[in-house]
Amino acid sequence: MGNSNYERVAIEKCSSYDYAEIKTAVDKALDDIGGLYFVKSGMTIGIKANLVSAMAPEKSATTHPMILRRLCERLLELGASVVIGDSPGGLYTPPFLKNVYRTCGLEDMVKELDPSGEKVRLNDDYSICSGEFLNAVSLKTFIFTGWLNKVDAIINVSKLKTHAMMGMSCAVKNMFGTIPGATKPEYHMRFPNEQAFANVMVDLNEFFKPVLYVVDAIDGMEGNGPTAGEKRHIGAILTSRKPYALDMVCADLIGMGYSDVPTLVAAGERGLGPKNVSEVEITGCAVSDVKVSDFKRATIHQSITFEGKGIKGAIASVGIKLVYNTKPMVRASECIGCKKCYETCPAKAITMVDSGKNKIPQIDRSKCIKCFCCQEFCPKGAMKVHYNILGKLANRINHV
C-alpha cells in the first residue's frame, strides 16, 4: 500500500452519520495512526472545522457535527477541553458566526455534549493577530484569527469537496479558514496566480502545524463545489498526521491526481508531500474499497503554467492554456439578485445590471482574476464554472 516516506493515512469505511457507526470508524481511524498521543490532561485543543457557510449538515458543505462530537468525546476522556471554530467567508463577528454555528448543527451538538460549556465550547473570541512566517513561499506576513493563539494544539477536521480554483477542498485548503472572513478577498488579490495561492495554503499549514488531520468523506460534495455542488456519498473517514499525504489519498479517492490539485503540486515542489498515491502508506481499508471514479469535478486543473523548450514547448504551453481556461459565469435563470457575488469579489470585477426581472451580475473579464469567490459564495449555485468548447471535450475524454 505504499512506502513510509510520508505520514501514514488511515481510511475507514463509514456508510452513514449514525452515531454508533461514527464512533467505530472515528476510533479506528484515530487508533490506526497512533491515537491522540499528544493530548495531556488540562490541555485546550482547538478544532478547526470546515464551516464555509451557514448551511445545514445534510447539504454536505461543512464538517458534520457527529464527527466533531466523537472527536470531542475522545479528547474529554483524556482530560482536555475543546474549542471548535472557523472563519467562513463574510464578517468575523458574533452575530454572523453564531448563525453559522447554529445552522451547521454545532450549537445543539455542543449543548448536548456539555451543557455547562466548561469543557466544550464554540469559539467566541473574535480577536485578530499578526503572523510572520519567514520560511513561507507566499505568505510571509499575514493576519489570522486570534483564538488559535490560545489553544495548545490544533486539529484540522475538513470536508472532502470539489473547489473551482484549487480543484479540491480538503485538509490543506481548510486552513484558509484561519484568515478572518472579510480579509480573505485581500489574499486573493495579493496572490491571484493559481500556484502562488496554493502556496498560501501550504504556508498556513506549515505555520500552524496542526497535530492531527481528520477528513469527513462520508458524504462529500461534487460538481459546483465547495458550496453549491451536489451531495455525493463516498462512505469514508480518513486521518493522518500530515495534510499532504492525506490530500493525495483523498484526491485519488475521487479520481483526481497530483497535477489536478494545485496545493499538492505546491507541497510536492517543496518536498513536503508525495507526487503519487503509491508513495503513501495506507492503513485500514484500501482506496479501491471506497473510490468514486466518476466524481464530478468543479473544473479541470492541469498544469496551465507548463513551460516547454523551443517552439514545440511554446506551442504546447499555449495549447494547454487554451484547453484548460475556465471562468465564472452566471446562469441568469437561477440568479436571485442577492448581490453576494458583487460583495465578495476581491477584484471588484462585478456590477449588477438590470435583467428585467431583477438585477444580475455582470463580470468585467479584464478585471476578473478567476479566484471563483463569486462561485464559492453564491447561495443558489447560480454562478457556474464555465469551460470553453475545448475544455469540455478534454473533460469528456478524461472521464471516459
Side-chain angles (χ1 to χ4, degrees), residues 12 14 17-51 54 56-57 62-88 92-129 144-159 171 174-175 177-178 208-216 218 237 239-241:
E12 294 300 329
C14 191
Y17 291 103
D18 173 75
Y19 174 76
E21 194 169 356
I22 288 284
K23 182 177 183 295
T24 299
V26 168
D27 288 355
K28 184 70 164 57
L30 291 175
D31 295 342
D32 279 353
I33 59 167
L36 300 172
Y37 70 92
F38 54 87
V39 179
K40 295 180 175 60
S41 182
M43 290 179 71
T44 299
I45 306 297
I47 295 181
K48 164 64 183 75
N50 184 326
L51 307 176
T62 56
T63 308
H64 199 282
M66 200 59 73
I67 291 177
L68 298 175
R69 174 177 181 143
R70 182 53 192 160
L71 184 56
C72 287
E73 289 174 343
R74 288 285 299 261
L75 293 167
L76 290 173
E77 289 167 4
L78 295 171
S81 58
V82 183
V83 181
I84 303 170
D86 193 15
S87 178
Y92 190 56
T93 61
F96 188 87
L97 264 293
K98 286 178 181 177
N99 180 53
V100 171
Y101 293 149
R102 183 169 52 254
T103 308
C104 292
L106 300 192
E107 190 174 82
D108 288 343
M109 182 274 289
V110 169
K111 283 181 180 178
E112 185 178 339
L113 183 61
D114 182 19
S116 69
E118 294 178 359
K119 288 294 186 178
V120 181
R121 63 183 176 85
L122 299 170
N123 174 51
D124 57 2
D125 174 5
Y126 302 96
S127 63
I128 304 298
C129 292
F144 63 92
T145 51
W147 72 281
L148 295 164
N149 257 357
K150 300 172 184 178
V151 299
D152 297 305
I154 299 170
I155 298 176
N156 176 333
V157 187
S158 58
K159 187 79 168 176
N174 194 41
M175 290 307 288
T178 62
F208 289 104
K209 292 190 178 299
V211 292
L212 172 67
Y213 291 81
V214 180
V215 177
D216 172 5
I218 298 174
I237 291 174
T239 59
S240 185
R241 302 287 174 205

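Since we're looking at a predicted model, the values are computed, not measured.
Taking the side chain as every heavy atom from C-beta outward, Ile33 and Tyr213 never approach each other to under 4.5 Å. Proximity of Tyr101 to Leu51: side-chain heavy atoms (C-beta onward) are separated by under 4.5 Å at one or more points. Ile67 has its side chain within reach of Tyr17: a pair of non-hydrogen atoms, C-beta onward, lies under 4.5 Å apart. Leu30 is listed as a side-chain neighbour of Leu71, based on a closest heavy-atom distance under 4.5 Å. Using a 4.5 Å heavy-atom threshold, the side chains of Phe208 and Lys48 count as separate. Using a 4.5 Å cut-off on side-chain heavy atoms (C-beta onward), Ile218 and Ile22 make contact. Residues Val151 and Ile45 have side chains not in contact (no heavy-atom distance under 4.5 Å, counting atoms from C-beta outward). Taking 4.5 Å as the limit, some side-chain heavy atom of Met109 sits within range of a side-chain heavy atom of Ile84.
Of the possible polar contacts, one joining the Asp18 side chain to the Ala20 backbone as a donor-acceptor pair under 3.5 Å is found. A donor-acceptor pair is defined here as one N or O able to donate and one able to accept, closer than 3.5 Å; such a pair exists between the side chain of Thr63 and the backbone of Val157. Side-chain atoms of Thr178 do not come within 3.5 Å of backbone N or O of Phe144 as any donor-acceptor pair.
Each of Asn50, Asn174, Asp216 was evaluated against Lys159; a single residue qualifies, Asp216, per the side-chain hydrogen bond (donor to acceptor under 3.5 Å, both in side chains) test.
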*Worked check of salt bridge (Lys or Arg N to Asp or Glu O under 4.0 Å) between Arg69 and Glu112*: CA-CA 10 Å; Arg69 174 177 181 143; Glu112 185 178 339; 3.0 Å; yes
*Between Ser81 and Thr44, is a side-chain hydrogen bond (donor to acceptor under 3.5 Å, both in side chains) present by the stated rule, with each step listed?*
CA-CA 5 Å; Ser81 58; Thr44 299; 3.2 Å; yes
*List the steps and the verdict of side-chain contact (heavy atoms from CB on, under 4.5 Å) for Val100 and Thr62.*
CA-CA 10 Å; Val100 171; Thr62 56; over 6 Å; no
*Could you go step by step and tell me if Val82 and Ile47 meet the side-chain contact (heavy atoms from CB on, under 4.5 Å) rule?*
CA-CA 7 Å; Val82 183; Ile47 295 181; 3.6 Å; yes
*Take Arg70 and Glu77 through the test salt bridge (Lys or Arg N to Asp or Glu O under 4.0 Å) and record every step on the way to the result.*
CA-CA 11 Å; Arg70 182 53 192 160; Glu77 289 167 4; 3.7 Å; yes
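The minimum heavy-atom distance between Tyr126 and Tyr92, with the atom names listed, is CA-CE2, 3.6 Å. Closest approach of Asn99 and Ala54 over heavy atoms only: ND2-CB, 3.7 Å. Between Arg121 and Gly117, the shortest heavy-atom distance links the atoms CB-O, 4.1 Å. The two atoms that bring Phe38 and Val211 nearest to each other are CE1-CG2, 3.4 Å, heavy atoms only. The heavy-atom pair separating Met43 from Ala153 by the smallest distance is CE-CB, 4.2 Å. Contact record, Asn123 with Gly85: CB-CA, 4.0 Å, taken as the closest heavy-atom pair.
One distance of note links CG of Leu113 with SG of Cys72; it measures 6.0 Å at 0.5 Å rounding. Distance CG/Asp86 to CE/Met175: 9.5 Å, rounded to 0.5 Å. Rounded to the nearest 0.5 Å, atoms NE2 (His64) and CG (Leu106) are 10.0 Å apart. With rounding to the nearest 0.5 Å, the separation of CG in Leu212 from CG in Asn156 is 8.5 Å. Interatomic distance, CD of Glu21 versus CD1 of Ile237, reported as 8.5 Å (0.5 Å rounding). Distance check, rounded to the nearest 0.5 Å: NZ of Lys28 to CG of Asp32 gives 3.5 Å.
Heavy atoms from other residues, nucleotides or ligands lying under 6.0 Å from CD of Glu118 number 12 at most.
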